[in-house]
Amino acid sequence: MARPQTAIIPDHCKAGIFIEADIHAGQTAQIKAACRSALAALSDLQTQFPDASLGLSIAFGSSFWQTLNHAQEGREIKPFRALGNGLAPATQHDVMIHIQSMRQDLNFALAERVLAAFGGSISVQSETHGLRLLENRGTDGFVDGTENPQGDDNVRQVGIIADGQPDAGGSYVLLQKYRHNLKKWQGIGIPDQEADVGRSKAANEEFSRDVRLTDSHLGRVNLKENGVGLKIVRRSLPYGTVSGENGLMFISYCHTLHNIEAQLLSMFGETDGQTDRLLAHLSTAVSGAYYYAPSAERLGDL
Ligand code: HEM
């Protein structure tokens, strides 16, 4: 069975680090070596801290991925384009490093080693540290992640390209940072917040389809195509400070980019002109990029 990278399947991690970087020209050999060193650093820390669910995904934007000439692998990957007349900006980079575990000290240690392995071959463009809050709630007060696929087999089925495919074990990624405006959000009151999300706040119960607004968050992302639900695996975490900027570092993985993109197009008004109510009352997308995370085997042999 092909091995996916290790920051996709484990759920309920307590903390994460999200890094995006650009790759300098002519550095392909260094990048390949850095990925092997990063996997060795991961394995070393996993051995030292076996109960921490430490995981790492290294994923590539389409322009660098295509230079590696694995033409049968990650065929859906493409650059992120701005959506909704700029409501979702495109900030595509060449490489994404996603680390998650039960401990931010361990995440930090791995990030130090991974960035040391890449050295001068990349320029880091963004680094965000995420933290799971009480009851898995966002800074907006709603529980996040409830409808994620549960159990390793289900997560694998949704998140990972199936065995038998040339890119088995791979996964498509969307990384998108959302900055919240909590003053505005608190100003609309809990009933309107619940209508925007499509779930109740305290009890976290889903509203039935007949009362749910079509432009609520659930109305936008709970999609079916030919009777089949378009599922994704979310490993997002809240980020930021209490007194200053905070929001959601959204990250999702899927065996097909199609499911992720269909939800995004629906949120940002590109299907029926309706935009997600969360974008009006809670949050602004400040980044957006697609990446392809090859299997662990391929990452060690780029
Ligand atoms: C569900 C918050 C962005 C896809 C939810 C839920 C919350 C939430 C509170 C309900 C509980 C749950 O099942 O997790 C947010 C916030 C966002 C955001 C605050 C940004 C401001 C996105 C984006 C996507 C997405 C960008 C996809 C591209 C989903 C999906 C569900 C969900 C698939 C589950 C729907 C279902 O099957 O019921 N989100 N989300 N979300 N969200 Fe988001």
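First listed ligand is number 1; within each ligand, the first listed atom is number 1. Bear in mind the structure is a predicted one, so any value in this text is a computation, not a measurement. Atoms considered below: every heavy atom in the structure, side chains included; atoms not considered: hydrogens, waters and symmetry mates.
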Quick one: do [X] and [Y] make a salt bridge, cutoff under 4.0 Å?
{"X": "K201", "Y": "E194", "answer": "no"}
{"X": "E147", "Y": "K231", "answer": "no"}
{"X": "R179", "Y": "E245", "answer": "yes"}
{"X": "E270", "Y": "R81", "answer": "yes"}

If you have a sec, work out which protein heavy atom is nearest [atom] and how many Å separate them, to one decimal?
{"atom": "atom 13 (O) of ligand 1", "result": "E147 N, 2.8 Å"}
{"atom": "atom 10 (C) of ligand 1", "result": "R199 CD, 3.4 Å"}
{"atom": "atom 16 (C) of ligand 1", "result": "L248 CD2, 3.7 Å"}
{"atom": "atom 36 (C) of ligand 1", "result": "N222 ND2, 3.6 Å"}
{"atom": "atom 33 (C) of ligand 1", "result": "Q263 OE1, 3.4 Å"}

(message) One pair to check against side chain to side chain donor-acceptor pair (under 3.5 Å): K14 and S101. What are the steps and the verdict?
(response) CA-CA 6 Å; K14 294 283 187 205; S101 79; over 6 Å; no
Against heavy atoms of [X], which atoms of ligand 1 measure under 4.0 Å?
{"X": "L218", "value": "38 (O)"}
{"X": "S283", "value": "21 (C)"}
{"X": "Q176", "value": "26 (C)"}

(message) I'd like to know if the side chain of Q92 reaches the main chain of F80, judged simply by a donor and an acceptor atom lying under 3.5 Å from each other, with no hydrogens or angles considered.
(response)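 Here the side-chain-to-backbone pair exists.
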(message) Give me each pair satisfying ring pair (Phe, Tyr, Trp, His ring centres under 6.0 Å) with a member in residues 47-77, each pair once, sequence neighbours excluded.
(response)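 Qualifying pairs, neighbours excluded: F60-F64, W65-H70, W65-Y292.
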(request) Tell me which one of D276, L223, L282 gets a heavy atom nearest to atom 19 (C) of ligand 1. (result)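 Considering heavy atoms of D276, L223, L282, the nearest to atom 19 (C) of ligand 1 sits in L282.
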(message) On a heavy-atom basis, I'd like to know which of V143, N259, I232, D140 is closest to atom 9 (C) of ligand 1.
(response)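 Among V143, N259, I232, D140, the closest heavy atom to atom 9 (C) of ligand 1 belongs to V143.
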(message) Could you enumerate the protein N, O or S atoms under 2.8 Å from atom 43 (Fe) of ligand 1, written like residue then atom name?
(response)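 Listed by chain and number, the atoms are H217 NE2.
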(message) I'd like to know whether ligand 1 has G145 as a neighbour, heavy-atom separation below 4.0 Å.
(response)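 G145: in contact with ligand 1 (<4.0 Å).
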(request) Report the hydrophobic cluster partners of V211, with the cluster defined as I, L, V, M, F, W, Y residues connected by side-chain heavy atoms closer than 4.5 angstrom, directly or transitively. (result)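 Its cluster mates, by chain and number, are F207.
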(request) List, by chain and then residue number, the residues other than L223 in its hydrophobic cluster (Ile/Leu/Val/Met/Phe/Trp/Tyr, side-chain heavy atoms under 4.5 Å); write none if there are no others. (result)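 Cluster partners of L223: L230.
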(message) When you compare ligand 1 with T146, is there at least one nitrogen or oxygen pair between them that comes in under 3.5 angstrom?
(response)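 So ligand 1 has an N or O lying under 3.5 Å from an N or O of T146.
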(message) For ligand 1 and Y178, I'd like to know whether there is a polar contact (N/O to N/O, distance under 3.5 Å).
(response)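 No, Y178 has no N/O under 3.5 Å of an N/O on ligand 1.
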(request) Is it possible for you to check whether K78 lies under 6.0 Å from the centre of the six-membered ring of Y290, through NZ or CZ, and within 45° of that ring's axis? (result)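 Judged by the rule, K78 and Y290 form no cation-pi pair.
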(request) Taking all non-hydrogen atoms of both residues into account, name the closest pair between Q66 and I77 and its distance. (result)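 Minimum heavy-atom contact is NE2-O, 4.0 Å.
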(request) Go through the steps to decide whether D196 and S216 satisfy the test side chain to side chain donor-acceptor pair (under 3.5 Å), and finish with yes or no. (result) CA-CA 5 Å; D196 283 3; S216 65; over 6 Å; no
